[in-house]
Amino acid sequence: QVQLVESGGGLVQPGGSLRLSCAASGSISSIYVMGWYRQAPGKQREFLAGITSFGKTNYADSVKGRFTISRDGAKNSVYLQMNSLKPEDTAVYYCKYDQFGLNYWGQGTQVTVSS
C-alpha cells in the first residue's frame, strides 16, 4: 500500500558528504512518521533520524551534529544529509514510513565510507 524508493547511496571518502532521498508513494496519510535507519554487517538495525508530518525531528546521539533529516511534503519525500562521514558510518541505509504503528521499509541503499 505504501512504497518507498531510496536513492543517493554510494562510495564516499572519509570526511565527505552524501544526501540520501526517500520517496513514498501509495496510500499516504496526512499524519505519519518517516525516518532513516542503518544496518552494518553483524549488527542490529539502528535508528538514525525521524521526522513527523508536522516537521518534528529526532536524532540518534551517534549522528547528532553530522546528519540532518528533512522533508518535502509535496513530494512525500524525506532526505538525509550526511556530513563528516566516517568509516564506521558504512552500512545499508533504510527509509521507514510509519503510519499509526504500521511500518513500511525501503529496500536499502549501500553507503560505503572508505579511502
Side-chain angles (χ1 to χ4, degrees):
Q1 194 170 17
V2 176
Q3 297 80 44
L4 304 173
V5 179
E6 300 151 329
S7 61
L11 176 65
V12 64
Q13 67 184 65
S17 298
L18 282 175
R19 184 173 183 262
L20 306 182
S21 300
C22 175
S25 62
S27 184
I28 306 301
S29 174
S30 60
I31 303 174
Y32 61 83
V33 178
M34 295 185 71
W36 290 96
Y37 294 69
R38 69 186 179 191
Q39 189 166 20
K43 306 207 72 175
Q44 295 293 314
R45 191 166 296 187
E46 173 190 14
F47 168 79
L48 299 176
I51 188 166
T52 72
S53 52
F54 308 109
K56 191 76 171 183
T57 60
N58 185 39
Y59 295 93
D61 289 341
S62 61
V63 302
K64 284 181 179 178
R66 296 192 299 128
F67 292 8
T68 302
I69 190 170
S70 60
R71 66 183 177 93
D72 184 333
K75 297 181 178 180
N76 292 319
S77 297
V78 294
Y79 309 92
L80 187 67
Q81 178 66 45
M82 306 186 295
N83 298 326
S84 302
L85 285 163
K86 308 171 182 178
E88 52 263 43
D89 293 319
T90 296
V92 178
Y93 284 68
Y94 298 90
C95 178
K96 189 182 83 170
Y97 173 89
D98 182 335
Q99 179 181 344
F100 304 109
L102 182 60
N103 297 329
Y104 297 86
W105 294 91
Q107 294 301 306
T109 184
Q110 177 71 46
V111 172
T112 302
V113 184
S114 176
S115 60

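Each residue takes its place number in the sequence, starting with 1.
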- Compare every heavy atom of P14 with every heavy atom of S115, then report the nearest pair and how far apart it is. N-CD, 3.6 Å

- Message: I need the S30 OG to Q99 CD distance, nearest 0.5 Å.
- Response: 8.5 Å

- Say you draw a straight line from CG of L4 to CG of N103; how long is it, rounded to the nearest 0.5 Å? 10.5 Å

- Query: In terms of heavy-atom contacts, does CD of E88 have more than 12 from other residues, nucleotides or ligands at under 6.0 Å?
  - Reply: yes

- Which value, rounded to the nearest 0.5 Å, describes the distance between I51 atom CD1 and K56 atom NZ? 11.0 Å

- For Y93 and M82, work out which heavy atoms get closest and say how close. CE2-SD, 3.6 Å

- Task: Working to the nearest 0.5 Å, report the span between OG1 of T52 and CD1 of I31.
- Result: 10.0 Å

- Message: I'd like to know if the side chain of Y59 reaches the main chain of I69, judged simply by a donor and an acceptor atom lying under 3.5 Å from each other, with no hydrogens or angles considered.
- Response: yes

- Message: Could you tell me if the side chain of Q39 sits less than 4.5 Å from the side chain of Y94, heavy atoms only?
- Response: yes

- Message: Assess the residue pair L85 and F67 against the criterion (side chain to side chain contact (heavy atoms under 4.5 Å, CB included)); give the C-alpha distance rounded to whole Å, side-chain angles, the decisive distance to 0.1 Å, and a yes or no.
- Response: CA-CA 9 Å; L85 285 163; F67 292 8; 3.9 Å; yes

- Item | Donor-acceptor contact present, side-chain T90 to main-chain V113, <3.5 Å | yes

- Task: For E6, enumerate each residue passing the side-chain hydrogen bond (donor to acceptor under 3.5 Å, both in side chains) test, keeping only those at least two apart in sequence or located in another chain.
- Result: none

- Item | Donor-acceptor pair, side chain of T109 and main chain of S7, under 3.5 angstrom | no

- With sequence neighbours excluded, what pairs up with T112 under the side-chain hydrogen bond (donor to acceptor under 3.5 Å, both in side chains) test? Q110

- Message: Determine whether Q81 and S70 satisfy the following criterion, side chain to side chain contact (heavy atoms under 4.5 Å, CB included), listing intermediate values before the conclusion.
- Response: CA-CA 8 Å; Q81 178 66 45; S70 60; over 6 Å; no

- Spell out, yes or no, whether V92 and V12 are grouped together once hydrophobic residues are joined by side-chain heavy atoms under 4.5 Å, including indirect joins. no

- Examine the side chains of D72 and S77 and answer whether a donor and an acceptor come within less than 3.5 Å of each other. no

- Query: Do S114 and P87 have side chains that get closer than 4.5 Å, going by heavy atoms?
  - Reply: no

- Name all pairs fulfilling the disulfide bond (SG atoms under 2.5 Å apart) condition that reach into residues 77-115, sequence neighbours left out, sorted by first residue then second. C22-C95

- Item | Considering all heavy atoms, the nearest A24-M34 contact | CB-CE, 4.0 Å

- Query: Should V5 and Q107 be marked as a side chain to side chain contact (heavy atoms under 4.5 Å, CB included) after you check the CA-CA gap, both sets of side-chain angles, and the distance that decides it?
  - Reply: CA-CA 8 Å; V5 179; Q107 294 301 306; over 6 Å; no

- Message: In this structure, would L80 and V33 fall into the same cluster of hydrophobic residues linked by side-chain contacts under 4.5 Å?
- Response: no

- Message: Suppose the criterion is salt bridge (charged side-chain N to carboxylate O under 4.0 Å, His left out): which pairs have a residue in residues 31-44, not counting sequence neighbours?
- Response: R38-E46, R38-D89

- Message: Strictly by disulfide bond (SG atoms under 2.5 Å apart), give each pair with a member in residues 31-68 just once, sequence neighbours left out.
- Response: none

- Message: In the structure I gave you, are the side-chain heavy atoms of I28 and V2 within less than 4.5 Å of one another anywhere?
- Response: yes

- Task: Taking salt bridge (Lys or Arg N to Asp or Glu O under 4.0 Å) as the test, write out the residues that go with R19, two or more places apart.
- Result: none

- 4.5 Å side-chain heavy-atom contact, L20 and Y79: no

- Query: Counting heavy atoms not belonging to Q13, are there more than 12 under 6.0 Å from its CD?
  - Reply: no

- Note on the structure: Tested for ring-ring contact (aromatic ring centres under 6.0 Å, His included) against W105, the lone hit among Y37, Y97, W36 is Y37

- Message: Taking Q1's backbone N and O only, do any of them form a donor-acceptor pair with S27's side chain (distance below 3.5 Å, no angle check)?
- Response: no

